[in-house]
Amino acid sequence: MGMQSVAVACGALTLCLALTTATNPGFVVRITQAGLDYAQQQAIASLEKKLAQLRLPDISGDSRVLRVGKVHYELSRLRLRDFHLPYSRITPISNKGLQVSISNAFAELDGDWRVKFLFIRDHGSFDLKVENIYIKILLRLGSDTSGKPTISTPDCSAHISKVRVLFSGKLGWLYNLFHSVIESRLRKILENKVCDKVAMSVYNELQTYIRTLPVTARIDNKIGIDYSLVAPPRATTKSLDADLKGEFYSLAHRSPVPFSPLPLAFPSDHERMVYFGASSYFFSTAGIAYHKAGALVFEITEAMIPKDVEFKLNTSVFSAFIPQLEEKYPNMPMKFRLSTPNAPFLTVGEGGISFQPIVDVQAYAIFPNSSLAPLFLLSLTGNVSAVINVRSGRIVGSLDVGRIRLSLKDSAVGTFQVRMMQSLINILTSNMLLPRLNARLDEGFPLPLLDRIQLSNILVRFHQNFLLLGADVRFQPRR
Ligand SMILES: *[C@@H]1O[C@H](CO)[C@@H](O)[C@H](O)[C@H]1NC(C)=O
Ligand SMILES: *[C@@H]1O[C@H](CO)[C@@H](O)[C@H](O)[C@H]1NC(C)=O
Ligand SMILES: *[C@@H]1O[C@H](CO)[C@@H](O)[C@H](O)[C@H]1NC(C)=O
């Protein structure tokens with residue numbers, strides 16, 4: 001596509017946004033071989049139980065037996081006693097999906113037999129040992145229109161190489177003559193049933209489970225996170241990667257983000273079972289969403305000042321630096337309103353997450369009738385850095401502010417030396433604003449986790465343009 005046609009495509013703004021945001025994910029989840037191995041253990045244990053519940057149909061037919069002639073046989077009440085899958089392996093196959101190979105599986109079953117030949121009828125029971133079962137399953141991952149993952153089994157094969165039957169009954173010798181007939185029919189039935197059961201389990205259990213991915217995580221009454229898949233999960237030779245949108249949005253006013261995520265240069269780490277890559281985009285959309293939702297507005301009043309801070313928020317105190325206050329608004333309580341004129345833009349670099357917010361501080365005097373008189377407007381800026389961790393499946397953080405720079409933007413009470421306000425602003429920031437923000441950040445934001453997954457062994461590492469979180473996973477069975 002030449003420059004000309006890009007410009008044309010972007011003329012339709014929404015289309016252009018759709019095209020650009022579809023390219024790079026804002027959030028990546030990587031499941032490594034260690035993670036796949038863990039998932040496989042859980043899945044195989046569940047599949048073992050499902051296979052042991054296989055129902056087999058009755059089998060009947062006629063067979064010719066030497067010196068006896070035509071024999072009619074019937075096998076009924078076939079019952080699997082157990083199904084063991086002792087060896088299995090899961091391997092990601094580039095651009096195809098996940099290959100599950102099960103080898104040397106074995107099963108035991110029993111049932112009743114019945115035969116008719118000449119004028120003789122007889123019946124009894126039998127035991128069957130099925131050994132050397134090989135099952136090969138290809139799992140293909142996809143995504144549906146809501147961005148939820150899907151999983152299917154485009155390919156399954158089961159091969160049984162050994163069946164041993166043990167008949168009981170007076171005529172046991174006879175049945176051994178034709179057991180090969182029965183064995184081959186049972187083998188065929190079992191081979192088909194195994195793949196049917198696998199397909200059903202994948203659809204009913206595995207797909208239901210992976211669809212617990214919270215593609216929209218509502219955080220509070222204002223903000224959500226969009227964790228929908230932007231493309232089907234990708235198998236590489238070493239991992240399974242899921243590209244998620246990774247975008248915070250205001251529940252009330254969602255609008256397109258005016259920039260798109262940069263590509264994430266994921267490292268080849270593979271010690272942990274799962275890695276999450278949270279891009280600068282992800283964090284910046286948090287700033288936009290909170291800004292848009294009006295959540296980045298704070299009011300500071302006298303009542304909010306902690307008792308141990310020796311400071312009164314009133315015009316008598318401030319008239320020490322602003323003489324005009326004394327004349328115009330003598331001895332009145334005051335109030336500060338903090339807001340961000342623009343959404344803060346967060347950047348992630350090797351040194352961590354940081355941003356330089358601009359905060360407007362509007363000071364008011366409060367009249368006895370509670371109406372407000374605007375006094376002055378300060379602009380604050382400073383370097384804010386974040387410490388990040390993961391707790392209970394959530395990204396938690398806390399902010400630290402460097403030196404704050406003040407400037408006077410507007411005043412209804414004459415000019416004054418903003419320097420004089422420095423220590424006051426430092427007190428307000430460190431005693432009131434930061435504790436509030438940090439209390440919120442300490443509650444954290446949910447990671448895109450499937451149901452009943454717990455993380456441990458957390459790793460937090462900053463890379464250019466994204467935060468890398470690594471963890472081991474534990475599946476909590478339902479109690
Ligand atoms: C303002 O603060 C000063 C100093 O703490 C105090 O003496 C005065 O009573 C306060 N005025 C009001 C209206 O709260
Ligand atoms: C409140 O009091 C101030 C000063 O006395 C006055 O200028 C203002 O109009 C009053 N506002 C209302 C809503 O009564
Ligand atoms: C913020 O940090 C940058 C570089 O780390 C520095 O150049 C800048 O002066 C700092 N700003 C403030 C207000 O401290």
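Excluded from the calculations below are hydrogen atoms, water molecules and symmetry mates; all remaining heavy atoms, backbone and side chain alike, are included.
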query = Hey, does the side chain of Arg272 reach the backbone of Ala471 with a donor-acceptor pair shorter than 3.5 angstrom?
reply = no
inquiry  = So for atom NZ, which belongs to Lys148, do other residues, nucleotides or ligands contribute more than 12 heavy atoms lying within a distance under 6.0 Å?
reply    = yes
task = Evaluate the side-chain proximity of Tyr249 to Thr285: yes if any heavy-atom separation is below 4.5 Å, no if none is.
result = no
ask   = For residues Ser319 and Ser316, is any side-chain donor paired with an opposing acceptor at under 3.5 Å?
value = no
Test log, rule salt bridge (Lys or Arg N to Asp or Glu O under 4.0 Å), inputs Asp442 and Arg391 = CA-CA 9 Å; Asp442 194 56; Arg391 204 178 54 232; 3.2 Å; yes
ask   = Are any of the side-chain heavy atoms of Asn438 and Pro435 separated by less than 4.5 Å?
value = no
ask   = So does His463 have more than 12 non-hydrogen atoms from other groups sitting under 6.0 Å from NE2?
value = yes
inquiry  = I want to check something: taking the side chain as every heavy atom from C-beta on, are Ser339 and Val359 in contact at a cut-off of under 4.5 Å?
reply    = no
Test applied, side chain to side chain contact (heavy atoms under 4.5 Å, CB included); reference residue, Leu380; option that passes from Asp360, Leu406, Ile358 = Leu406
request  = Hey, could you give me the OG1/CZ distance between Thr216 and Arg218, rounded to the nearest 0.5 Å?
outcome  = 10.0 Å
query = Measuring from Gln33:CD to Met273:CE, what's the distance to the nearest 0.5 Å?
reply = 11.5 Å
request  = List the atom of Pro86, the atom of Ala105, and the distance in Å for their closest heavy-atom pair.
outcome  = CD-CA, 3.8 Å
task = Give, for atom OG1 of Thr381 and atom CZ of Arg403, the distance between the pair rounded to the nearest 0.5 Å.
result = 10.5 Å
query = Ignoring hydrogens and geometry, is there a side-chain-to-backbone donor-acceptor pair from Thr315 to Tyr329 under 3.5 Å?
reply = yes
request  = Using side chain to side chain contact (heavy atoms under 4.5 Å, CB included) as the criterion, point out the one residue from Val230, Thr150, Val215, Leu229 that pairs with Ser143.
outcome  = Leu229
key: Phe466/Tyr281 aromatic ring centres below 6.0 Å   = no
task = Take Gln40 and Ser88 through the side-chain contact (heavy atoms from CB on, under 4.5 Å) test and state the conclusion after the steps.
result = CA-CA 8 Å; Gln40 173 218 269; Ser88 55; 3.4 Å; yes
request  = Flag the pair Phe283 / Phe345 as yes when their ring centroid distance falls below 6.0 Å, and as no otherwise.
outcome  = no
ask   = Taking 4.0 angstrom as the limit, do Arg461 and Asp269 come out as a salt bridge?
value = yes
key: Closest non-hydrogen atom pair between Ala293 and Ile223, with its separation   = CB-CD1, 3.8 Å
inquiry  = If I take atom CG from residue Leu206 and atom CG from residue Leu47, how far apart are they, to the nearest 0.5 angstrom?
reply    = 10.0 Å
query = Does the side-chain contact (heavy atoms from CB on, under 4.5 Å) test come out yes or no for Leu455 and Val473, once each step is laid out?
reply = CA-CA 5 Å; Leu455 302 179; Val473 160; 3.9 Å; yes
request  = Grab the two heavy atoms, one from Ser411 and one from Phe416, that are nearest each other, plus how far apart they are.
outcome  = OG-CE2, 4.1 Å
Note, Leu399 side chain near Phe355 side chain (heavy atom, < 4.5 Å) = yes
request  = Nearest 0.5 Å please: distance from the CG atom of Leu468 over to the CG atom of Leu459.
outcome  = 6.0 Å
inquiry  = With a 4.5 Å cut-off on side-chain heavy atoms, are Phe83 and Val194 touching?
reply    = yes
inquiry  = Run Glu205 and Lys50 through salt bridge (Lys or Arg N to Asp or Glu O under 4.0 Å) and show every step you take.
reply    = CA-CA 10 Å; Glu205 325 271 317; Lys50 294 282 155 199; 3.5 Å; yes
query = Does the side chain of Tyr134 come under 3.5 Å of the side chain of Asn104 through a donor N or O and an acceptor N or O?
reply = yes
query = How about Tyr203: does its OH atom have over 12 heavy atoms from other parts shown lying under 6.0 Å from it?
reply = no
task = Give a yes or no on whether the backbone of Ala242 and the side-chain of Arg234 come within a donor-acceptor separation of less than 3.5 Å.
result = no
task = Using the salt bridge (Lys or Arg N to Asp or Glu O under 4.0 Å) rule, take Arg140 and Asp155 through it: C-alpha gap first, then chi angles, then the decisive distance, then the call.
result = CA-CA 9 Å; Arg140 182 186 292 148; Asp155 210 1; over 6 Å; no
query = Is it true that atom CZ of Arg474 has more than 12 heavy atoms of other residues, nucleotides or ligands lying nearer than 6.0 Å?
reply = no
query = Where is the tightest heavy-atom contact between Pro92 and Ala235, given as atom of each residue plus distance?
reply = CB-CB, 4.3 Å
Exercise: identify the closest heavy-atom pair between Phe27 and Gly246 = CB-CA, 3.6 Å
task = Please assess Leu313 against Ile300 for the test side-chain contact (heavy atoms from CB on, under 4.5 Å), listing each intermediate value before the final yes or no.
result = CA-CA 9 Å; Leu313 197 54; Ile300 297 178; 4.3 Å; yes
inquiry  = Can you confirm whether Thr429 sits close enough to Ile404 that some side-chain heavy atom of one is under 4.5 Å from a side-chain heavy atom of the other?
reply    = yes
inquiry  = Is it the case that the side chain of Glu48 and the backbone of Leu85 share a donor-acceptor pair, with hydrogens and angles ignored and the cut-off at 3.5 Å?
reply    = yes
query = Does Gln362 reach the main-chain N or O of Phe376 with its side chain, forming a donor-acceptor pair under 3.5 Å?
reply = yes
task = Report the relative orientation of the aromatic rings in Tyr227 and Phe282; use parallel for angles under 30°, tilted for 30 to 60°, perpendicular for over 60°.
result = parallel
message = Does any part of the side chain of Asn431, heavy atoms only, come nearer than 4.5 Å to the side chain of Leu428, both counted from C-beta?
response = no
task = Please name the pair of heavy atoms, one in Lys222 and one in Ala295, separated by the smallest distance, quoted to 0.1 Å.
result = CD-CB, 4.2 Å
Under 3.5 Å donor-acceptor, Thr236 side chain and Ser239 backbone = yes
ask   = With a 3.5 Å cut-off and no angle check, do the side chains of Lys292 and Ser255 form a donor-acceptor pair?
value = yes
message = Quick check: do Asp241 and Val29 have side-chain heavy atoms less than 4.5 Å from each other?
response = no
message = Please check this pair: side chain of Asn24 against backbone of Pro261, looking for a donor-acceptor N/O pair closer than 3.5 Å.
response = yes
inquiry  = Is it the case that the side chains of Asn465 and Ser280 hold a donor-acceptor pair, with the cut-off being a distance below 3.5 Å and no angle test?
reply    = yes
message = Between the side chains of Glu247 and Arg254, is the shortest nitrogen-to-carboxylate-oxygen separation below 4.0 Å, so that they form an ion pair?
response = yes
key: Residues Phe367, Met332; criterion side-chain contact (heavy atoms from CB on, under 4.5 Å); working and verdict   = CA-CA 7 Å; Phe367 286 117; Met332 283 185 200; 3.6 Å; yes
ask   = Does a donor on one side chain and an acceptor on the other come within less than 3.5 Å for Gln41 and Asp37?
value = no
remark   = CD1 (Ile133) and CG (Leu51) are apart, to the nearest 0.5 Å, by 8.5 Å
ask   = Taking the six-membered ring where the residue is Trp, are the ring centres of Phe318 and Phe336 under 6.0 Å apart?
value = yes
